[in-house]
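Since the structure comes first, as structure tokens, the remarks are kept for the end.
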Amino acid sequence: MTGTALIIGASSGIGAALAGVLVGEGFDVALVARRKDKLDEVSQRCNEIAGRAAARTYVHDVRNHDEVAVLFERIVQDLGGLDTFVYAAGVLPDIGPDEYDADKDRLILDVNLMGAVAWLDAVAVKFKTQRFGTICGISSIAGDRGRRAYPAYHAAKAGFDTFLESLRNRLHPFKVSVVTIRPGFIDTAMTQGKEGLFWVISAERAARIIAKHIRKRHGIRYVPARWMGVALIIRNIPSFIFRRMDI
Ligand SMILES: NC(=O)c1ccc[n+]([C@@H]2O[C@H](COP(=O)([O-])OP(=O)(O)OC[C@H]3O[C@@H](n4cnc5c(N)ncnc54)[C@H](OP(=O)(O)O)[C@@H]3O)[C@@H](O)[C@H]2O)c1
């Protein structure tokens, strides 16, 4: 398989691992994030996997929405077209059980949701016009319910999920697929030091599963699939019970 993919949030974790899997499948990739040194490391690894210059890097902070139009056009030109877009950028700062911090919450919403919306709007127009393309959003099981732990993160992922669903419905007539990925716990910088994690899998394993869902243009998928059962239960716990549960 060959193709061209743009990954936002490609300097570490799931986005970086996915870049490696995609170049292994024959893709050319554009890697976007803030940390140039990390992007260069990922790019070098991608080029080694591919055995050719398959990766390009672009430094960008997703909170700078004004940069999106020009950067997107540049990336599409550099790649010679685009058929796959992945939004993997995200932040999850520590938030204490008694903490209500509007600055942290704004950061979470800006990176996980508003940055995604800015990029997805640009990508949607291009894919609709060319009448093909696959959009993949790395959401989370955290978007399924408003749990106690991270109010803004749960809200951001729920909003991201719903935005992706609307895009899926809007773009379906134009042969554009929208894949929503809801990972469980993945061993990345984001989960380091966090307690109470289980069923943790590596970013590389998650990336292989995600690449398969992109290839097959699936709609909504939990990664790994066993989280679907957990999500089904959590979604159906009545509110009067859920509010008493420390999860
Ligand atoms: N790890 C898990 O258990 C888990 C579970 C469910 C969902 N997810 C989701 O998976 C996605 C990837 O997370 P990860 O676990 O791979 O964590 P990670 O290793 O911390 O990766 C986060 C990525 O987002 C980028 N990013 C953060 N802020 C940014 C900004 N302002 N502008 C541009 N890029 C920014 C980071 O790059 P720079 O810092 O270089 O900018 C990095 O490439 C996130 O959306 C996360 O919510 C993770």
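Both counts, for ligands and for their atoms, begin at 1 and track the order of listing.
Near His60, with a cut-off below 4.0 Å to any heavy atom, the atoms of ligand 1 are 32 (N), 33 (C). Interface atoms of ligand 1 facing Asp61, defined by a heavy-atom separation under 4.0 Å, are 30 (C), 31 (N), 32 (N). Near Gly184, meaning under 4.0 Å from any of its heavy atoms, are these atoms of ligand 1: 3 (O), 4 (C), 5 (C), 6 (C). Using a 4.0 Å cut-off to heavy atoms of Val91, the atoms of ligand 1 that qualify are 27 (C), 28 (N). Ligand-side atoms of ligand 1 in range of Phe185: 3 (O), range being under 4.0 angstrom from any heavy atom. Less than 4.0 angstrom separates some heavy atom of Gly13 from each of these atoms of ligand 1: 16 (O), 19 (O).
Note that the CD1 atom of Ile135 and the CG atom of Asp83 stand 12.0 Å from one another [nearest 0.5 Å]. The CZ atom of Arg34 sits 10.5 Å away from atom NE2 of His60, with the distance rounded to the nearest 0.5 Å.
Taking a cutoff of 4.0 Å between a charged side-chain nitrogen and a carboxylate oxygen, Lys36 and Asp40 qualify as a salt bridge.
Here Ile14 has heavy atoms under 4.0 Å from ligand 1 in both its backbone and its side chain. Residue contacts with ligand 1, taken as heavy atom pairs separated by less than 4.0 Å, involve Ile138 via backbone and side-chain atoms alike. Only side-chain heavy atoms of Val111 come within less than 4.0 Å of ligand 1; its backbone N, CA, C and O stay farther off. Contacts between Ser139 and ligand 1 below 4.0 angstrom, taking non-hydrogen atoms only, involve the backbone exclusively. Contacts between Lys38 and ligand 1 below 4.0 angstrom, taking non-hydrogen atoms only, are absent altogether. When heavy-atom distances to ligand 1 are checked against a 4.0 Å cut-off, Ala10 comes that close only through its backbone atoms N, CA, C and O.
Looking at Ser140 next to ligand 1, no N or O pair under 3.5 Å apart turns up. Between Gly90 and ligand 1, an N or O atom pair is found at a separation short of 3.5 Å. Polar contact check, Ala88 against ligand 1: a nitrogen or oxygen pair lies under 3.5 Å apart. Remark: ligand 1 and Val62 share an N or O pair separated by less than 3.5 Å (distance only, no angle test). At a 3.5 angstrom cut-off on N or O pairs, Thr191 does not count as close to ligand 1.
When only non-hydrogen protein atoms are considered, atom 25 (C) of ligand 1 lies nearest to Gly9 CA, 3.8 Å. Taking atom 21 (O) of ligand 1 as the reference point, the nearest protein heavy-atom neighbour is Ser12 OG, 3.3 Å. Looking only at heavy atoms of the protein, atom 14 (P) of ligand 1 is closest to Thr188 OG1, 3.5 Å. Among all non-hydrogen protein atoms, the one lying nearest atom 36 (C) of ligand 1 is Ser11 OG, 3.7 Å. Closest protein heavy atom to atom 3 (O) of ligand 1: Ile186 N, 2.7 Å. Here the protein heavy atom with the shortest distance to atom 13 (O) of ligand 1 is Met190 CE, 3.9 Å. Scanning all protein heavy atoms for the shortest distance to atom 45 (O) of ligand 1 gives Lys157 NZ, 2.9 Å. Given atom 34 (N) of ligand 1, the protein heavy atom at minimum distance is Ala89 CB, 3.9 Å.
Annotation: side chain of Ile210 is not in contact with side chain of Arg221 (no heavy-atom distance under 4.5 Å).
Note on ring orientation: taking the six-membered ring where Trp is involved, the planes of Tyr150 and Tyr153 are perpendicular (angle over 60°, cut-offs 30° and 60°). A perpendicular orientation is assigned to the rings of Trp119 and Phe72, their planes being inclined by more than 60° (bins at 30° and 60°).
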Apply ring-ring contact (aromatic ring centres under 6.0 Å, His included) to Phe127 and Phe174, showing your working. CA-CA 8 Å; Phe127 283 2; Phe174 303 95; over 10 Å; no
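In the model, Glu67 has a side-chain atom that pairs as donor or acceptor with a side-chain atom of Asn64 under 3.5 Å.
Residue Glu99 qualifies as enclosed at atom CD: its count of foreign heavy atoms under 6.0 Å is above 12. Other residues, nucleotides and ligands contribute at most 12 non-hydrogen atoms within 6.0 Å of the CZ atom of Arg170. The local environment of CE in Met190 is crowded, with over 12 non-hydrogen atoms from other residues, nucleotides or ligands closer than 6.0 Å. The local environment of CZ in Arg205 is sparse, with at most 12 non-hydrogen atoms from other residues, nucleotides or ligands closer than 6.0 Å.
The closest approach between a heavy atom of Ala142 and any atom of ligand 1 is not below 4.0 Å. Residue contact check for ligand 1: Tyr153 places a non-hydrogen atom closer than 4.0 Å to it.
Looking at every heavy atom in both residues, Leu113 comes nearest to Gly159 through CD1-C, 3.7 Å. Across all their heavy atoms, Phe185 and Gly196 have their closest contact at CE1-O, 4.4 Å.
Transitive grouping of hydrophobic side chains (ILVMFWY, heavy atoms separated by less than 4.5 Å) brings Leu39 and Leu22 into a common cluster. Hydrophobic clustering places Phe160 together with Leu107 (ILVMFWY residues linked when any side-chain heavy atoms are closer than 4.5 Å, directly or through intermediates).
When Arg182, Lys194, Arg35 are checked for heavy-atom proximity to atom 38 (P) of ligand 1, Arg35 turns out nearest.
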